[in-house]
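Keep in mind that the numbers below use all heavy atoms, side chains included, and drop hydrogens, waters and symmetry copies.
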Amino acid sequence: MDIGFGEQDKRTELSELGEFALIEKLTKDIDMHNLSTIKGVGDDAAVIANGPYQTLVSVDLLVEGVHFDLMYTPLKHLGYKAAVVNFSDIAAMNGRARQIVVGIAVSSRFSLEALEELYEGIRLACDQYGVDLVGGDTTSSTSGLFISVTVIGEAKPEQVCYRRGASENDLLCVSGDLGAAYMGLMLLEREKAVYKADPTMQPDLDGYDYVLSRQLKPEARFDVLEELEKVGVKPTSMIDISDGLASEIMHLCTSSKLGCRIYETKIPIDPATVRLAEEFRLVPSIPALNGGEDYELLFTINPSDFEKVRSIDAISVIGHMTSAPGEVAMVTIDDQLISLKAQGWDGLKNKNTSH
């Protein structure tokens with residue numbers, strides 16, 4: 001009897017696939033067995049029928065040395081961020097987060113006081129967003145800290161937004177500003193390198209509060225959903241920006257079977273991000289397009305809703321959807337048309353500690 005422990009005919013390295021191709025490979029043949037499953041794999045959250053509401057469920061796994069570096073990430077901030085990035089997935093479905101379940105695996109180098117600090121951050125996030133911490137699990141680890149957060153949210157069926165709903169000529173919008181979280185990471189990595197070279201050196205972080213806060217303490221944009229609801233606008237498709245603007249645009253295009261054209265001059269970038277990008281000799285739009293971890297909302301609207309959205313300060317219209325499936329192009333500052341690639345961070349390809 002062959003129970004599968006023998007050598008396989010072919011071995012495919014995960015680094016050859018990357019995160020999204022791996023997910024597609026593992027889930028392509030999964031069948032749904034329950035009528036209550038409205039949406040499975042392929043969006044920011046699963047959608048499950050639940051009476052007059054639909055239940056939204058998403059999970060995120062954070063691994064020390066892959067998603068965070070405790071040399072410059074306070075445990076309280078890590079706990080807050082671990083919760084909020086999951087809340088953001090629910091926001092991206094136009095829902096509201098209600099409960100989370102937290103699992104951790106921890107090595108013996110962590111004390112009770114350290115874990116209390118981590119959970120203090122989680123509780124602060126829950127208090128800030130009105131979410132209940134309802135359970136979880138703990139176990140031991142031989143190699144650092146692992147955090148798994150499952151978030152449960154809800155929305156009325158007619159409120160739920162998917163990635164697949166965009167139409168040709170829909171306007172592409174983004175909340176807030178982009179690239180700051182990545183530049184905050186670049187700054188922390190730079191100061192870490194300086195410290196490792198000379199432990200007597202103190203980190204030079206003065207004047208960088210904005211980009212550091214965007215990296216260490218992101219927020220979920222439920223406030224933007226409230227503003228859209230006030231003016232009577234429901235996005236036709238939506239996603240949150242965790243892996244970079246270019247990557248998330250690709251997701252919307254793939255799901256909606258459309259293309260997109262954006263304008264570099266329209267991408268919202270905070271002056272603090274611009275200054276630090278120039279300090280690192282980067283074109284500011286590069287961290288905005290490929291950095292990730294901004295957790296802003298990227299969404300499309302019907303062109304007829306432009307005037308309503310125009311009145312909301314936190315929203316920028318950066319482009320429109322086109323009829324060419326998968327083709328994403330950007331009109332640059334100097335009026336050149338270039339094709340964009342999804343170059344956001346990928347935990348299975350990037351071997352360095354990152355977001």
Practice prompt. I would like to know whether L298 and H251 meet side-chain contact (heavy atoms from CB on, under 4.5 Å); could you show each step before the answer?
Written response: CA-CA 11 Å; L298 177 71; H251 284 313; over 6 Å; no

Discussion item. Go through it in stages, so that I can follow the logic: the residues are L70 and F110, the test is side-chain contact (heavy atoms from CB on, under 4.5 Å), and I'd like the CA-CA distance, side-chain angles, deciding distance and then a yes or no.
Written reply: CA-CA 11 Å; L70 290 178; F110 291 90; 3.5 Å; yes

Worksheet item: Can you check side-chain contact (heavy atoms from CB on, under 4.5 Å) on E154 and T55, steps first, answer last?
Response: CA-CA 5 Å; E154 67 178 13; T55 297; 5.6 Å; no

Practice prompt. Applying side-chain contact (heavy atoms from CB on, under 4.5 Å), run through F87 and F222 and close with a yes or a no.
Written response: CA-CA 9 Å; F87 301 165; F222 292 103; 3.9 Å; yes

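Here the shortest heavy-atom pairing between I100 and A83 reads CD1-CB, 4.3 Å. Closest approach of E296 to D177, counting heavy atoms only: CG-O, 3.7 Å. Scanning all heavy atoms of the two residues, the minimum distance from P157 to Y53 falls at CD-CA, 4.3 Å. Closest non-hydrogen pair, I122 versus G79, comes out as CG1-O, 3.4 Å. Taking both residues in full, the closest heavy atoms of G95 and L225 are given as O-CD1, 3.9 Å, listed atom of the first, atom of the second, then distance. Between E248 and I241, the shortest heavy-atom distance links the atoms CG-CA, 3.7 Å.
No continuous path of hydrophobic side-chain contacts links V283 to M330 [ILVMFWY only; heavy atoms under 4.5 Å]. There is a path of hydrophobic side-chain contacts, each under 4.5 Å, that joins V102 to F68. Cluster membership for V131 and V224, using ILVMFWY side-chain heavy atoms within less than 4.5 angstrom, is shared. Neither V85 nor L61 shares a network with the other; the hydrophobic side chains, linked directly or stepwise wherever heavy atoms of I, L, V, M, F, W or Y lie under 4.5 Å apart, form separate groups for each. Under a hydrophobic clustering in which Ile, Leu, Val, Met, Phe, Trp and Tyr are joined whenever their side-chain heavy atoms come within less than 4.5 Å, directly or via other members, L124 and V151 fall into the same cluster.
The shortest distance between side-chain heavy atoms of L228 and V309 falls below 4.5 Å. Counting heavy atoms from C-beta outward, L289 and I262 have side chains that approach closer than 4.5 Å. The shortest side-chain heavy-atom distance between M238 and M93 does not fall under the 4.5 Å cut-off. Between L252 and C260, the closest side-chain pair of non-hydrogen atoms is not below 4.5 Å. Under the 4.5 Å side-chain criterion, counting only non-hydrogen atoms from C-beta, K266 is not in contact with S316. Annotation: side chain of S237 is not in contact with side chain of F299 (no heavy-atom distance under 4.5 Å). Annotation: side chain of T138 is not in contact with side chain of V106 (no heavy-atom distance under 4.5 Å). Between V174 and D294, the closest side-chain pair of non-hydrogen atoms is not below 4.5 Å.
A donor-acceptor distance shorter than 3.5 angstrom exists from the side chain of T236 to the backbone of T300, with no hydrogens or angles considered. Although no hydrogens or angles enter the test, the distance criterion places a donor-acceptor pair under 3.5 Å between the side chain of S256 and the main chain of A166. Without hydrogens or angle criteria, S167 side chain to D170 main chain gives no donor-acceptor distance under 3.5 Å. Proximity of a side-chain donor or acceptor of N94 to a complementary backbone N or O of Q159 within less than 3.5 Å is detected. A donor-acceptor pair under 3.5 Å is absent between the side-chain atoms of D132 and the main chain of Q99, judged by distance alone. Counting only distance, with no hydrogens or angles, the side chain of T73 and the backbone of D69 share a donor-acceptor pair below 3.5 Å. Between the side chain of S148 and the main chain of G103, no donor-acceptor pair closer than 3.5 Å is present.
Evaluated for a side chain to side chain contact (heavy atoms under 4.5 Å, CB included) with D223, the options R221, E227, E219 yield exactly one hit, R221. Between K76 and the options E116, E117, E120, a salt bridge (charged side-chain N to carboxylate O under 4.0 Å, His left out) holds for only E120. Screening E279, E191, Q215, R275 for a side-chain hydrogen bond (donor to acceptor under 3.5 Å, both in side chains) involving Y208 leaves a single residue, E279.
Atom CZ of R98 is surrounded by more than 12 heavy atoms from other residues, nucleotides or ligands within 6.0 Å. No more than 12 heavy-atom neighbours from other residues, nucleotides or ligands sit within 6.0 angstrom of CG on D335. More than 12 heavy-atom neighbours from other residues, nucleotides or ligands sit within 6.0 angstrom of NZ on K234. Within a 6.0 Å sphere centred on OH of Y195, other residues, nucleotides and ligands contribute 12 heavy atoms or fewer.
Note: I249 CD1 to T254 OG1 = 11.5 Å, rounded to the nearest 0.5 Å. A distance of 10.0 Å separates CE in M250 from CD in E327, rounded to the nearest 0.5 Å. In this structure, OG on S242 lies 7.0 Å from CG on D89, to the nearest 0.5 angstrom. Distance OH/Y80 to CD/Q128: 4.5 Å, rounded to 0.5 Å. In this structure, CG on D60 lies 7.0 Å from NE2 on H67, to the nearest 0.5 angstrom. The OH atom of Y72 sits 12.0 Å away from the CG atom of L205 when rounded to the nearest 0.5 Å.
A donor atom on one side chain and an acceptor atom on the other are not found under 3.5 Å apart for T332 and E264.
For E229 and K156, the salt-bridge test fails: no basic side-chain N is under 4.0 Å from an acidic carboxylate O.
Side-chain heavy-atom separations under 4.5 angstrom define the hydrophobic clusters, and I152 shares its cluster with no other residue.
Sorted by first and then second residue, the side-chain hydrogen bond (donor to acceptor under 3.5 Å, both in side chains) pairs with a member in residues 301-313 read N302-S304, E307-R310; sequence neighbours excluded.
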